Amino acid sequence: MARRTYRHRLQDLIDNPAIAARDKSFAESLLGYYERKGSLTSGRVGWVKTLEERYSPANVAANAEKGATMLERLNAVCERTEESSWARGFINSLQGQIMGGRELSHKQLEMLGKIESEHNDEAMTARQTFVADYKTNKDSMRDDMIVCANYYRPSGYFRALSEKIIEDNDFIPTLSEFNKMTKNKYAIKVLAEHKAEPKYAVGSYVLPRAGNYAVKQACGGKPCIVVAVNASPIVTAAKGAKIYKLLPIGKAETFYAEERAIMKARKVK
């Protein structure tokens, strides 16, 4: 039989389904130290023994019995959360904490109550209704999501969700994801600008506003004709952020400018 090293003992702790997230992270750091150094300091050895005792079958069983009421509560709400959601991970960490014999803090109990309220019967019905509505109104609702995803993706916010929305035509967000992406104060401004009637129609002539040197340089001192409206994703949550594609008179290359950077050209020779 192969000799059991601290690598095996720590890996057993990490793989223990009852271990709390914080203790699992600590065990992973101990294992990383052991694999770098080939041994553990006496203090770290003591922590391995502490964790092994904390998550021994006897203690886990005793803690499960002691915290049976709370575990039942946690298990009930856990089943209602999305598998990869933050709420599921938080509930799992609380389950591990109870199995490890530690009580929940006041803040943890407050957060648990909030998660329960977000996953009660009424909330679950709302989620199911949302999925049906999304499938029925997919074009318009997905268009809103895409506009917001294009706005957020360069900033780093909602990056993973933004990529799913843009790249997967069959992806259906959760109600929470849809609300967070499209109903915050920035998204509301972006969607309003995207849907607003354009000030300058395709084929009309425009000039740069005073102070917009980049647009003035691109125009080359000449009026520009509007080639396309909403020609590129909005990147600024501000009034006049709609993007136009412009072609300077007498030039062959187009460029892009925000609505607030241009004005109507009164006379064009």
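In this text the structure is predicted, and so the values were computed from the model without any measurement. When a residue number appears, it is its place in the shown sequence, counting from 1.
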>> Assess, by modelled atom type and distance only, whether the side chains of Arg159 and Ser162 contain a donor and an acceptor separated by less than 3.5 Å.
In response: no
>> Salt bridge check, Arg80 against Asp121: does any charged N sit closer than 4.0 Å to a carboxylate O?
In response: yes
> Does Pro208 offer a backbone N or O that forms a donor-acceptor pair with the side chain of Asn212 under 3.5 Å?
Replying inline: no
> Charged N to carboxylate O under 4.0 angstrom, Arg102 versus Asp23?
Replying inline: yes
> Stepwise, does the side-chain hydrogen bond (donor to acceptor under 3.5 Å, both in side chains) test hold for Asn230 with Tyr244?
Replying inline: CA-CA 6 Å; Asn230 277 331; Tyr244 289 75; over 6 Å; no
>> For the CZ atom on Arg209, are there more than 12 heavy atoms of other groups (residues, nucleotides or ligands in this structure) within a distance under 6.0 Å?
In response: yes
> Is there a donor-acceptor pair under 3.5 Å between the side chain of His8 and the backbone N or O of Thr5?
Replying inline: yes
> Would Thr41 and Arg44 satisfy side-chain hydrogen bond (donor to acceptor under 3.5 Å, both in side chains), going step by step from the backbone distance to the final call?
Replying inline: CA-CA 5 Å; Thr41 62; Arg44 289 178 171 85; 3.2 Å; yes
> Crowded around Lys183 NZ? As in, over 12 foreign heavy atoms under 6.0 Å?
Replying inline: no
> Which of these, Lys107, Gln108, His106, sits in a side chain to side chain donor-acceptor pair (under 3.5 Å) with Glu110?
Replying inline: His106
> Roughly how far apart are Gln95 CD and Asn75 CG, rounded to 0.5 Å?
Replying inline: 5.0 Å
> Would you call Lys239 and Glu259 a salt bridge, taking side-chain N to carboxylate O under 4.0 Å as the test?
Replying inline: no
> Below 4.0 angstrom, N of the basic side chain to O of the carboxylate: do Arg88 and Glu83 qualify?
Replying inline: no
> For residues 9-38, which residue pairs qualify under ring pair (Phe, Tyr, Trp, His ring centres under 6.0 Å), counting only residues two or more places apart or in two chains?
Replying inline: Phe26-Trp47
> Does a donor on one side chain and an acceptor on the other come within less than 3.5 Å for Glu258 and Thr236?
Replying inline: yes
> Using the ring of each side chain (for Trp, its six-membered ring), is Phe178 parallel, tilted or perpendicular to Tyr134, with breaks at 30° and 60°?
Replying inline: perpendicular
> Do we see a donor-acceptor contact under 3.5 Å between the side chains of Asn120 and Glu116?
Replying inline: no
> Is a side-chain donor-acceptor pair under 3.5 Å present for Tyr152 with Asn184?
Replying inline: yes
> Take atom CD in Glu103; do more than 12 heavy atoms of anything else shown fall under 6.0 Å from it?
Replying inline: no
> With a 4.5 Å limit on heavy-atom distance, are the side chains of Val202 and Val227 in contact?
Replying inline: no
> Does Lys199 come within less than 4.0 Å of Glu193, counting only side-chain N to carboxylate O?
Replying inline: no
> Partners of Glu28 by salt bridge (Lys or Arg N to Asp or Glu O under 4.0 Å), sequence neighbours excluded?
Replying inline: none
>> Taking Glu35 first and then Arg7, would you say they form a salt bridge - that is, a charged N and a carboxylate O separated by under 4.0 Å?
In response: yes
>> Closer than 3.5 angstrom, by distance alone: can the side chain of Lys264 be matched with the main-chain N or O of Tyr200 as a donor-acceptor pair?
In response: no
> Measuring from Ser117:OG to Glu122:CD, what's the distance to the nearest 0.5 Å?
Replying inline: 10.5 Å
